[in-house]
Amino acid sequence: DATITKDKIYDSSIGSYLNTVQFGMYIWLEDNATESGSYGNTMCYNDDPDNCYAYGRMYHPGYGRCPSGFSVPTKDDWSKTMAYISKYPEVASSFGFSMGGYCYEGLHGVDCTDLDKAGYYLAGDSSVAVVKGRSVSFRKADEENFYQLRCIKYTYVVATVEDLPECDSVSKDFLKP
């Protein structure tokens with residue numbers, strides 16, 4: 001089922017609302033992270049603030065911060081999401097994964113590459129998800145590089161009360177306050 005739900009959450013750390021896209025058990029932020037973070041660990045592609053607006057900020061691994069309740073997606077999250085988008089192509093526009101390239105320490109400072117060719121997103125398991133169109137591949141994150149960040153959280157929703165699992169007496173006694 002290609003059902004998606006769009007919503008907003010309030011992020012008190014930046015004082016604004018963030019758009020979300022939900023399908024199945026996933027709630028993704030609709031846009032890449034833009035919070036500036038600590039000096040030297042985040043940047044805009046080619047140090048151009050317009051690129052931060054268009055593609056989000058870029059972060060060294062371990063320095064990107066997600067809003068409260070959200071986290072950096074794992075490789076499994078990326079794989080399942082891209083499989084969903086491939087199965088339901090009409091959903092792809094709701095996610096809008098930008099092809100913001102990545103930046104790395106070059107011989108004469110920071111160089112950036114692959115803008116509008118691929119999105120290089122942090123994955124929560126010391127990896128980078130390389131997104132091209134509706135496909136994803138993975139590579140090890142380099143601690144000196146800067147990558148995009150899109151955050152995720154999980155939701156578990158049942159359609160009716162009857163769909164809830166039955167709680168046995170042992171669990172009820174264990175869970176009592």
Side-chain angles (χ1 to χ4, degrees), residues 8-21 26-86 89 91-154:
K8 294 180 184 214
I9 61 157
Y10 184 75
D11 183 358
S12 60
S13 70
I14 60 172
S16 67
Y17 285 91
L18 302 172
N19 295 321
T20 61
V21 177
Y26 294 117
I27 300 174
W28 284 86
L29 290 182
E30 190 173 24
D31 299 308
N32 292 345
T34 58
E35 193 169 333
S36 60
S38 59
Y39 180 76
N41 292 309
T42 179
M43 67 176 292
C44 300
Y45 190 96
N46 280 341
D47 283 329
D48 182 346
D50 288 340
N51 285 330
C52 272
Y53 178 76
Y55 303 100
R57 292 195 73 78
M58 304 181 90
Y59 302 89
H60 276 312
Y63 287 93
R65 293 192 345 230
C66 291
S68 179
F70 284 78
S71 61
V72 177
T74 65
K75 290 193 313 187
D76 190 50
D77 296 329
W78 278 106
S79 294
K80 287 179 180 175
T81 297
M82 298 312 284
Y84 186 84
I85 289 172
S86 292
V91 173
S93 63
S94 296
F95 287 92
F97 292 122
S98 63
M99 303 297 140
Y102 74 100
C103 299
Y104 60 94
E105 292 290 334
L107 293 175
H108 305 288
V110 176
D111 292 321
C112 299
T113 188
D114 280 355
L115 186 67
D116 294 324
K117 294 179 184 171
Y120 292 78
Y121 288 89
L122 291 170
D125 34 21
S126 300
S127 296
V128 174
V130 182
V131 176
K132 293 180 180 179
R134 295 183 190 138
S135 67
V136 64
S137 60
F138 301 97
R139 69 184 208 187
K140 183 173 175 25
D142 184 321
E143 296 297 319
E144 298 298 315
N145 292 355
F146 293 88
Y147 305 102
Q148 296 171 274
L149 175 62
R150 181 75 61 100
C151 301
I152 191 173
K153 77 175 185 176
Y154 309 102

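Note that this is a predicted model, so its numbers are computed, not measured. Sequential numbering from 1 along the given sequence is applied to the chain's residues.
Contact record, Gly100 with Tyr45: O-CD1, 3.3 Å, taken as the closest heavy-atom pair. For the pair Tyr102 and Asn145, the tightest heavy-atom approach, listed with the atom from each and the gap, is CE1-ND2, 3.8 Å. For the residue pair Leu122 and Tyr147, the shortest heavy atom distance occurs at CD2-CD1, 3.6 Å. Shown here for Gly15 and Tyr10, the closest heavy-atom pair between the two residues is CA-OH, 3.3 Å. When all heavy atoms of Pro67 and Cys151 are compared, the closest pair comes out as CD-SG, 4.0 Å. Pairing each heavy atom of Arg65 with each of Leu149, the nearest pair is N-CD2, 3.8 Å.
Looking at residues two or more places apart in sequence or on another chain, you find a side chain to side chain donor-acceptor pair (under 3.5 Å) between Tyr154 and Asp77. With sequence neighbours excluded, no residue forms a side chain to side chain donor-acceptor pair (under 3.5 Å) with Lys153. Judged as a salt bridge (Lys or Arg N to Asp or Glu O under 4.0 Å), and not counting sequence neighbours, Lys75 has no contacts. Legend: residues meeting side chain to side chain contact (heavy atoms under 4.5 Å, CB included) with Asp31, ordered by chain and number and at least two apart, are Asn19.
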Working for side-chain contact (heavy atoms from CB on, under 4.5 Å), residues Ile27 and Phe70: CA-CA 9 Å; Ile27 300 174; Phe70 284 78; 4.2 Å; yes
Going through the checks in order, is the side-chain contact (heavy atoms from CB on, under 4.5 Å) test met by Cys44 and Phe146? CA-CA 9 Å; Cys44 300; Phe146 293 88; over 6 Å; no
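Within the model, atoms CE of Met43 and CE of Met58 stand 7.0 Å from one another, a figure rounded to the nearest 0.5 Å. To the nearest 0.5 Å, atoms CZ (Arg57) and CD (Gln148) are separated by 12.5 Å. Taking SG of Cys52 as the reference point, atom CD of Glu35 lies at 12.5 Å (rounded to 0.5 Å). With rounding to the nearest 0.5 angstrom, the CG atom of Leu29 is 9.5 Å from the OG1 atom of Thr34. In this structure, Thr74 OG1 and Lys80 NZ are separated by 8.0 Å, a value rounded to the nearest 0.5 Å.
Under the 3.5 Å distance criterion, the side-chain polar atoms of Asn46 are left unmatched by any main-chain donor or acceptor of Asp48. In this structure a side-chain-to-backbone donor-acceptor pair under 3.5 Å is missing from Thr20 to Trp28. For the pair Asn32 (side chain) and Gly56 (backbone), a donor-acceptor distance under 3.5 Å is absent.
With a 4.5 Å cut-off on side-chain heavy atoms, Tyr84 and Tyr26 do not count as touching.
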Would you be so kind as to tabulate the donor-acceptor pairs closer than 3.5 Å made by side chains of residues 127-143, with sequence neighbours excluded?
residue	atom	partner	partner atom	Å
Ser127	OG	Asp125	O	3.3
Ser135	OG	Lys132	O	2.9
Asp142	OD1	Glu144	N	2.8

Using atom types as modelled, flag every donor-acceptor pair under 3.5 Å from a side chain in residues 105-116 to any protein atom, sequence neighbours excluded.
residue	atom	partner	partner atom	Å
Asp114	OD2	Tyr120	OH	2.4
Asp116	OD1	Tyr55	OH	2.7
Asp116	OD2	Tyr55	OH	3.3

